[in-house]
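Take a look at the structure set out below.
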Amino acid sequence: MKIRIKFAKYGAMKFIGHLDMMRFFQKAIRRAGIDVKYSAGFSPHQIMSFASPLGVGLESTGEYMDIEVNSMTTTEALKEALNGAMVEGVEILSVGVLPDTVKNAMASVAAASYRLQSKNGAFAIPNPEETVCAFYAQETIPYTKETKKSVIQLDLKQGIYDVRMETGASLFMTVNASSSGNIKPSMVFEKLCEFAGAEIPAAAYQITRLETYTDLAGEGAPHRFVPLSACCTEESQAECY
Amino acid sequence: MRKLALSDDILMQVEKPARYIGNEVNSVMKDKNKVDVRFVMCFPDVYEIGMSHLGIQILYSMFNAWEDVWCERVYSPWTDLDAVMRREHIPLFGLESQEPVKNADFLGITIQYEMCYTNILQVLDLAQIPLLAKERGEDMPIVIGGGPCSYNPEPIADFFDLFYIGEGETQYRPLLDWYLENKKRGGSRLDFLKGAAKIPGIYVPQFYEEVYKEDGTVKERKKLCEEAPDKILKEIVTDVSDCHYPMKPVVPFIKVTQDRVVLEIQRGCIRGCRFCQAGQLYRPVRERDVDKLKEYAVEMLQNTGHEEISLSSLSSSDYSKLDELLDFLIDECGRKHTNISLPSLRIDAFSLDVMSKVQDVKKSSLTFAPEAGSQRLRDVINKGLTEEVILKGAALAFEGGWTRVKLYFMLGLPTETEEDIRGIGDLSNKIAATFFDTVPKDKRVNGKVQIVTSTSFFIPKPFTPFQWAPMCTKEQFLEKAYQTKQGIMAQLNQKSIKYNWHEADVSVLEGVFARGDRRVARVILEAYRRGCIFDSWSEYFHNDVWLSCFEDCGLDIAFYTTRERADDEIFPWDFLDCGVTRAFLLREWKKAQSETVSQNCRSQCQGCGANRFGVGVCTESD
């Protein structure tokens, strides 16, 4: 049986990287006594898929991971058992059963929404509302991404689905988070600051991933983003199949 | 939510911020206002090393089981954070409370190897605690040292308020009770130390003075205060099955060296290898009850969620109920998808059978530690492993499908000759030949066998029969490594043998610290002031700095290393009593020189003196 787990990550835990979070969950699942399914082979490992790696330093209220179990009582009991094995800074928000036909968490991801919040209450860009509007109204937003191997030219505009100021000096955005076109919120912020002619103040902002979405629209149709948890048959009604 | 000691800004710029945030599963949080004693336990090396140490897990768990005590952990900040903390004057903090270590009542430092000595100073310095015990005021934590290096604490004596000699389970409660009582009485730091000196196993260095002869050796130790005992006997747990065990060890977020449940099956070793310090210090052997160990294994795996369990002891094959324990673990772990990591077992039919059940034979390697290349030299060091046994074990293993063998040797052992060194190559070659004799051509995986031969340099340690022995110079060591390499290159099967050897510079320094006296402290202090930390990490070891420090402090390295000691020389550590008598050690030193072996504890008592504790193997009936 496939299970989709939604969790939040915050506080000190934001400094735990993606691979270590996987290790953390593998151990937590064992502590929680969950009848998790293991792969075959000489060194079996738990069957586990994370939706989208969260960068170190980011908090989240919309992280997802899929596991497979041989048996369980109820999703509520599983959630409780897992929460009993957590530490401060990781909280299981919901647990749902996935229909077998649904793609795993990683393959399902299409977009994610983020909030970028100033830590000292001030937003470093003058007239933020208008500036953000003007920024998003650009035809293209070229971005040069440098990796160890190559330099890639991207157009961020294609992958920004929404960007706007919210009350309380914070910036909200929904961007592409699929494995092929993932956009980091810091990239958008960097371009925004550049557009506004403002300095990028290092670490003065806390970025939170709010939700991770899958896209229900067919090829070529306008996006229909729903949270990954919407694919579960229990917990919330499924729309995904 | 806890407030972290370091800002997001700093944590984002250092490598592996998880080293500094605490919050791990099974770490213990308490209300600081509801405890009477705050203890910070330190392993003076990087988090991943320190978190792998069983001793700290035991003491951490034991302290926190006491309601009135809160024990936290601290490790050496890595060099990147070290620089930031110095620049911004951030005091070193406990991982749990994230509050300055200097606010604690005690700072306990476990000293597992000599090359961490400058890291002790780093920890004190970053904690903003004066480096010299004498300079610490009333409000500073009491700094305690423990662990194997405390059996010659003299080179670092100036930095510690007290040392706890022996196993930690026994005297910490009386020590903390005395601390609380002294506080209630309004007693001073000095009052506390005087009272502490009367507690068994506690050594207060500032109550003694070392006096030297003209030739530089120790003339005598002067007591500076009447409370100080003449001799300090190590502490020992009499019933290891009934002492505290950490059922809920802290589970790190990041990968650490020992990322598994560790089950200590016994303490001590019956073997009596003459170079081995642990084999003497932890006498007599005491086995844990096998039924308790089974319970521990199940409960600890449950409490941690670890995917692997490992057995810990100095010589696991000597544990009398090993078959029963392993059968249980193989069964239990098989059902729970848990791996078993086996400690180095004696290679025989039984251990090979066990290993084939828990490891991927194709990927794992076998380890032999003959330690010396010839039978003559193995008799000198009392390593009871014969060539016949090694070759028989290797043949069995090759039949079982193993193709990789690791061999460990030491260079520079007392009485070593060129012939002994040639024996290393010969033995490596014979093992390779055994493979080709045992495994028919059509059954050879890739047609190859891989022998990895490694040598380390022998360093004489206190409380061993070799404490009288001269150590080699750096040049001699390197010459021996060269001869070993030549010896291997000359072998018929040399293509199957890979040879590794250790750095010689660090070994020389370790030799000084191991048998050093109080005068060495000023070299350590000076080297630290000139920037030496993480000396056990080759990328941070600066031999030239150390050499100039010795020179500037007027200390001669050769005096501590290459000098052969007279039978009656007073050693800096003679005031400690590790349970084994000096007469026994001297007897063993003489036997070594006459190439005579000694039986192990179980075969025949050698009268080492540890039977005075009346426990363990000393009380086993035949």
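So you know, we letter chains A, B, ... as the sequences are listed, proteins then strands, and number each from 1. Atom set for the values below is all heavy atoms of this structure, side chains included, hydrogens, waters and symmetry mates excluded. As the structure is a prediction and not an experimental result, all values here were calculated from the model.
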key: Residue selection (most heavy-atom pairs with chain A, distance under 4.5 Å) from B:T338, B:N23, B:I21   = B:N23

inquiry  = Before you tell me yes or no, could you show the steps for B:Y245 and B:Q57 under side-chain hydrogen bond (donor to acceptor under 3.5 Å, both in side chains), namely the whole-Å CA-CA distance, both residues' side-chain angles and the distance that decides it to 0.1 Å?
reply    = CA-CA 9 Å; B:Y245 205 70; B:Q57 294 269 15; over 6 Å; no

remark   = Per-residue tally against chain A (heavy atom, under 4.5 Å) across B:E307, B:E24, B:Q302 peaks at B:E307

Chain B contact via A:F24 - which portion, at a heavy-atom distance below 4.5 Å = side chain

message = Between B:K16 and chain A, with a heavy-atom cut-off of 4.5 Å, which part of the residue counts as in contact: side chain, backbone, both or neither?
response = neither

key: Distance in Å, A:E129 CD paired with A:L171 CG, rounded so as to fall on 0.5 Å steps   = 10.5 Å

key: SB check B:R19 B:E48 (cutoff 4.0 Å)   = yes

ask   = Is it the side chain or the backbone of B:T304 that comes within 4.5 Å of chain A heavy atoms, both, or neither?
value = backbone

Under 4.5 Å from any heavy atom of chain A - which part of B:N339 = neither

query = Top residue by heavy-atom pair count (under 4.5 Å) with chain A, among B:D259, B:L301, B:N303?
reply = B:D259

query = NZ of A:K9 to CD of A:E63: how many Å apart, nearest 0.5 Å?
reply = 7.0 Å

task = Say whether, by atom type as modelled, one donor and one acceptor occur between the side chain of B:S76 and the main chain of B:D45 under 3.5 angstrom.
result = yes

query = Given that the side chain runs from C-beta out, which part of B:Q13 has a heavy atom under 4.5 Å from chain A: side chain, backbone, both or neither?
reply = neither

message = Side chains of A:V102 and A:K2, heavy atoms from C-beta outward: is any pair under 4.5 Å?
response = no

message = Can you tell me which portion of A:Q46 sits under 4.5 Å from chain B's heavy atoms? Options are side chain, backbone, both or neither.
response = neither

inquiry  = Students often mix this up, so state it plainly: with edges at 30° and 60°, are the rings of A:Y38 and B:H337 parallel, tilted or perpendicular?
reply    = parallel

task = Tell me, for B:L4 versus chain A, whether the close heavy atoms (under 4.5 Å) come from the side chain, the backbone, both or neither.
result = side chain

